[in-house]
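Bear in mind that the values here come from a model prediction, so they are computed numbers and not experimental data. Each chain gets a letter, A, B and so on, in the order its sequence line appears, and its residues count up from 1. Only heavy atoms go into these numbers, but all of them, side chains included; no hydrogens, no water, no symmetry mates.
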Number of protein chains: 2
Amino acid sequence: MTTEIAPQEPAAKPRIRDAEATKARILDAAKKEFAKNGLGGGRVDDIAEKAKANKRMIYHYFGSKEGLFQTVLENAYVDIRTAEQKLKLDHVEPRQALEKLVRFTFDYYLKNPEFITLVNSENLHRAKHLIKSEVVKVYSRKFVAMVEDILERGVATGVFRPGIDPVQLNITIAAIGYYYMTNRFTGSIVFERDLMTKDALEERLRFNIETILRLVAP
Amino acid sequence: MTTEIAPQEPAAKPRIRDAEATKARILDAAKKEFAKNGLGGGRVDDIAEKAKANKRMIYHYFGSKEGLFQTVLENAYVDIRTAEQKLKLDHVEPRQALEKLVRFTFDYYLKNPEFITLVNSENLHRAKHLIKSEVVKVYSRKFVAMVEDILERGVATGVFRPGIDPVQLNITIAAIGYYYMTNRFTGSIVFERDLMTKDALEERLRFNIETILRLVAP
DNA sequence: TTGTTAACGCACTATCTGGTTACTTTCTTA
DNA sequence: TAAGAAAGTAACCAGATAGTGCGTTAACAA
């Protein structure tokens with residue numbers, strides 16, 4: 001420890017302190033890392049590096065790797081549920097509303113593949129992180145209510161048959177898009193065709209809309 | 001290290017040598033381990049222990065952790081495709097054949113949840129193991145041909161509409177069962193009901209059959 | 001200016017993990 | 001029955017990996 005004259009760092013960037021920005025960078029990096037490698041395969045060191053943050057900050061803000069994952073997952077659910085609400089389907093003609101929802105769901109999975117991988121990871125862990133989240137439950141209720149409303153209006157105007165369980169319908173709408181995306185790699189091998197070309201995606205979406213409209217038809 | 005008189009192990013089990021049995025035990029343990037924790041989360045030491053085999057044997061027979069995973073995955077695909085062929089749907093009335101297939105697919109996922117988790121894991125890794133398998137491609141072709149045959153017969157007898165892509169139909173049949181199972185944990189939270197009770201499962205299967213039959217109806 | 005708080009970063013560790021080395025035991029066959 | 005091949009084992013290793021201890025620095029209030 002010699003007391004040298006420390007050479008003034010020529011342009012020692014004045015480190016800007018911004019807790020919110022750092023948190024956001026960590027969450028963003030974590031979302032990508034967990035989406036790519038799962039919870040088990042994701043590396044805390046890699047997240048810190050990508051986020052241009054120190055690993056210490058991750059533990060400071062999120063407590064643990066699992067705490068970080070939980071926050072990432074919760075945000076992912078809030079994001080999709082928020083986007084769904086923005087569709088304002090309660091003022092759209094029932095059949096059109098359903099078509100819009102099928103289209104939105106498919107596009108959302110296409111443009112946000114991390115959502116799918118995060119949910120898969122969470123199911124591998126038997127949803128033990130999601131169960132702690134109250135926010136997700138609240139948002140989910142609104143979502144189910146939305147589809148319930150569409151169904152009721154459709155039955156009232158006679159364009160839908162009665163007796164359809166909104167939860168089953170919801171699951172089916174999600175399923176026909178989700179499965180296509182999550183299994184796009186093995187699917188392209190099993191069916192010996194590239195499932196992700198523009199044409200293939202358009203064809204699949206048309207098929208999905210047809211599936212749902214036929215399902216609810218009187 | 002005193003040179004004691006080593007007490008003769010009273011019944012030192014004569015170690016039985018059986019390569020095939022050991023391989024089988026390793027594969028069985030690996031299937032369970034990978035299904036539970038994914039490829040990244042699965043531990044080779046745990047597999048060895050569960051298989052009552054030495055870790056060295058895993059590397060002797062399968063070369064690496066990924067080699068082991070690849071074999072497990074390939075077997076899983078061969079298993080489901082073999083079971084499907086055993087249905088002998090080519091001699092069943094088209095609508096009944098489709099219903100049988102929907103029912104079989106749903107039940108298979110229910111009774112073999114490892115299949116789903118293994119496929120999910122493989123998709124997380126962009127199917128880089130499955131692409132090496134030639135067997136899977138051969139089996140898959142037979143499977144698609146089977147559904148194609150059902151569709152053609154149904155169109156010929158006028159019970160199905162023409163123009164349905166057998167691949168899209170296949171994907172949909174898989175999707176509505178697969179999604180329900182793979183997301184049963186998060187699903188039970190989001191929809192605030194236990195999706196795995198006997199009643200819930202029966203209801204879902206009925207809904208799936210309805211979905212497919214309506215999809216192909218003229 | 002000074003004191004306090006919160007943001008930040010380095011360097012470390014205990015433990016784990018896939019993979020290997022060097023060896024013993026059992027089976028087969030010439 | 002000798003010899004070699006195949007099956008099996010324990011101990012070990014190098015590199016990772018989640019998590020921490022502790023010191024430093026920016027921001028801001030008094």
Ignoring backbone atoms, establish whether A:Tyr61 has a side-chain N or O less than 4.0 Å from OP1 or OP2 of C:dA6. no
Measure the distance from NE2 on A:His60 to P on C:dA7 and round it to the nearest whole Å. 5 Å
B:Gly63 near the nucleic acid: base, sugar-phosphate alone, or nothing, with a heavy-atom cut-off under 4.0 Å? nothing
Could you tell me how far apart A:Asp46 (CG) and D:dG19 (C1') are, to the nearest whole angstrom? 15 Å
Between atom CD in B:Glu20 and atom P in C:dC27, what is the gap in whole Å? 16 Å
Side-chain N or O of B:Ser64 less than 4.0 angstrom from OP1 or OP2 on C:dG19? no
Give a yes or no on this: more than 12 heavy atoms of other residues, nucleotides or ligands lie within 6.0 Å of atom NZ of B:Lys137. yes
Verify whether one side chain among A:Tyr59 and A:Asn54 offers a donor that lies under 3.5 Å from an acceptor in the other. no
Between NZ of A:Lys65 and P of C:dC16 the distance, given in whole Å, is 15 Å
Hey, does the side chain of B:Thr182 reach the backbone of B:Tyr178 with a donor-acceptor pair shorter than 3.5 angstrom? no
Roughly how many Å is it from CZ in B:Phe69 to C1' in C:dG18, rounded to a whole number? 16 Å
So A:Gly42, base contact, sugar-phosphate only, or nothing? Heavy-atom distance under 4.0 Å. sugar-phosphate
Without decimals, in angstroms, what is the distance between B:Ile47 CD1 and C:dG19 P? 11 Å
How many Å lie between CZ on A:Arg56 and C1' on C:dC8, as a whole number? 10 Å
A:Tyr139 vs B:Val190, side chain to side chain contact (heavy atoms under 4.5 Å, CB included): CA-CA, chis, key distance, verdict: CA-CA 9 Å; A:Tyr139 275 79; B:Val190 166; over 6 Å; no
Nucleotide C:dG19, atom P - distance to CZ of B:Arg43 in whole Å: 12 Å
Which nucleotide in the list D:dT20, D:dT25, C:dG18 gets nearest to the side chain of A:Lys55? D:dT20
Could you please name the option among D:dG19, C:dC10, C:dA7 that lies closest to any side-chain atom of A:Ala19? C:dA7
Near B:Lys132 NZ, under 6.0 Å, is it more than 12 heavy atoms from other residues, nucleotides or ligands? yes
Quick one: which of C:dT20, D:dA18, D:dA7 gets closest to the side chain of A:Tyr59? D:dA18
